[in-house]
Amino acid sequence: MERREDGRDWAYRVDPYGFERPDDFDYASYEAFFSRYLVVLTRRAIKWSKLLKGNKSIQKSLKDMNRTFPDNVKFRKTADPCLQHTLYNVLVAYGHHNKAVGYCQGMNFIAGYLILITKNEEESFWLLDALIGRILPDYYSPAMLGLKTDQEVLGELVKMKVPAVAELMERHGVMWTLVVSRWFICLFIDILPVETVLRIWDCLFYEGSKIIFRVALTLIKQHQAFILEATNFPDICDKFKQITKGAFVTECHSFMQHLLQAAGLPRLYSRVDEDAPLLQGGQTAVSIFTVWMSKQGFQASENYVRIPACCPKPEF
């Protein structure tokens with residue numbers, strides 16, 4: 001698609017979250033999917049509006065911050081406003097707040113997504129604190145013990161659920177950290193489509209880190225035959241990159257149904273599907289985070305989030 005001076009084609013090549021679509025992007029398939037999905041988004045936005053009616057030394061470590069979402073127009077220095085400034089503030093604030101963690105590679109992408117979703121600096125800060133401090137403890141600490149442990153746990157789960165793939169990995173000496181570390185540390189950002197990542201994050205905030213294992217196992221089980229075609233070390237690594245692409249992960253609604261039903265939770269998903277709108281960006285995203293913060297004791301207003309006494313603000 002050529003870029004016209006009037007900017008119409010350029011705007012068409014940028015998705016609602018600010019990411020540029022690649023030259024080989026399948027517009028026809030995506031538009032067919034989204035025309036169906038828009039009905040779901042609209043219904044959930046209406047439900048949320050009714051439900052919520054009336055409820056009111058680190059700087060030196062941020063060397064890779066400029067590499068955050070290079071394909072997102074909202075993070076470019078030429079953007080107005082440039083979200084790089086907001087991202088910097090959130091990461092510096094968190095570094096002061098949690099000195100045991102400071103800043104770890106990967107946090108910039110997570111904070112960046114939170115900023116895109118909430119469009120609010122302070123809300124993004126406290127949601128980042130919830131993820132790193134409570135939901136995923138020790139994932140981003142200097143030793144990354146939580147991250148390493150969960151990757152080993154995934155390996156054991158694959159031995160139980162998909163033994164043929166586990167045997168292939170062992171036979172070729174492929175460590176799980178080589179193929180899934182970015183899944184865990186970036187929480188599927190830049191790995192799965194945006195809408196699918198946001199659905200996963202809904203479950204992450206709702207039920208914790210078990211959703212990461214469910215997603216990983218679903219991807220591996222769904223593509224078991226494809227992975228088993230690998231005949232050597234680099235081929236296995238390439239297969240794991242390929243299984244995160246395609247219609248199976250693009251159709252986020254059916255993807256979540258598939259992985260939750262595979263986990264034996266069809267009734268839970270039915271309830272979530274009908275009664276609890278999931279994170280989809282825009283107002284819906286802000287709404288679900290507002291509800292989550294309310295449950296944690298935060299008091300939200302139109303302009304800011306009031307932090308309860310049990311969660312003091314960081315000192316700068």
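- Using a 30° and 60° split on the angle between ring planes, F188 and W183 fall in the tilted class, from 30° to 60°.
- Residues that satisfy the salt bridge (charged side-chain N to carboxylate O under 4.0 Å, His left out) test with E121, not counting sequence neighbours, are absent from this structure.
- F240 and H223 have their aromatic ring centers separated by at least 6.0 angstrom.
- For Q151 against S181, the heavy-atom pair with the smallest separation is OE1-CA, 3.1 Å.
- Checked against a 6.0 Å centroid threshold, the rings of Y27 and Y30 do not count as neighbours.
- Put simply, CG on L204 and CG on L131 are 5.5 Å apart, with the number rounded to the nearest 0.5 Å.
- Here the OG1-CD1 distance, from T218 to I211, works out to 8.0 Å after rounding to the nearest 0.5 Å.
- The residues D23 and R13 are annotated as salt-bridged, a charged nitrogen and a carboxylate oxygen being separated by less than 4.0 angstrom.
- Residue K161 qualifies as open at atom NZ: its count of foreign heavy atoms under 6.0 Å is 12 or below.
- No donor-acceptor distance shorter than 3.5 angstrom exists from the side chain of R199 to the backbone of E195, with no hydrogens or angles considered.
- For F33 and H253, the ring centers are positioned 6.0 Å apart or more.
- No cation-pi contact links K74 to F69, judged by a cut-off of 6.0 Å to the six-membered ring centre and 45° from its axis.
- A salt bridge is absent between K159 and E167: the closest approach of a Lys/Arg side-chain nitrogen to an acidic carboxylate oxygen does not fall below 4.0 angstrom.
- Ion pair R36/E251 flagged as a salt bridge, since at least one NZ, NE, NH1 or NH2 atom sits closer than 4.0 Å to an Asp/Glu carboxylate oxygen.
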Show, in sequence, the C-alpha distance, side-chain angles and deciding distance for Y113 and W201, and conclude whether the ring-ring contact (aromatic ring centres under 6.0 Å, His included) test is met.
CA-CA 10 Å; Y113 249 50; W201 281 26; 5.5 Å; yes
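- Scored by the side chain to side chain donor-acceptor pair (under 3.5 Å) test, Y139 finds D150 as partners (sequence neighbours excluded).
- Going from atom OG1 of T68 over to atom CD1 of I110 covers 11.0 Å, rounded to the nearest 0.5 Å.
- Atoms SG and CG, on C186 and L192 in that order, are 11.5 Å from each other to the nearest 0.5 Å.
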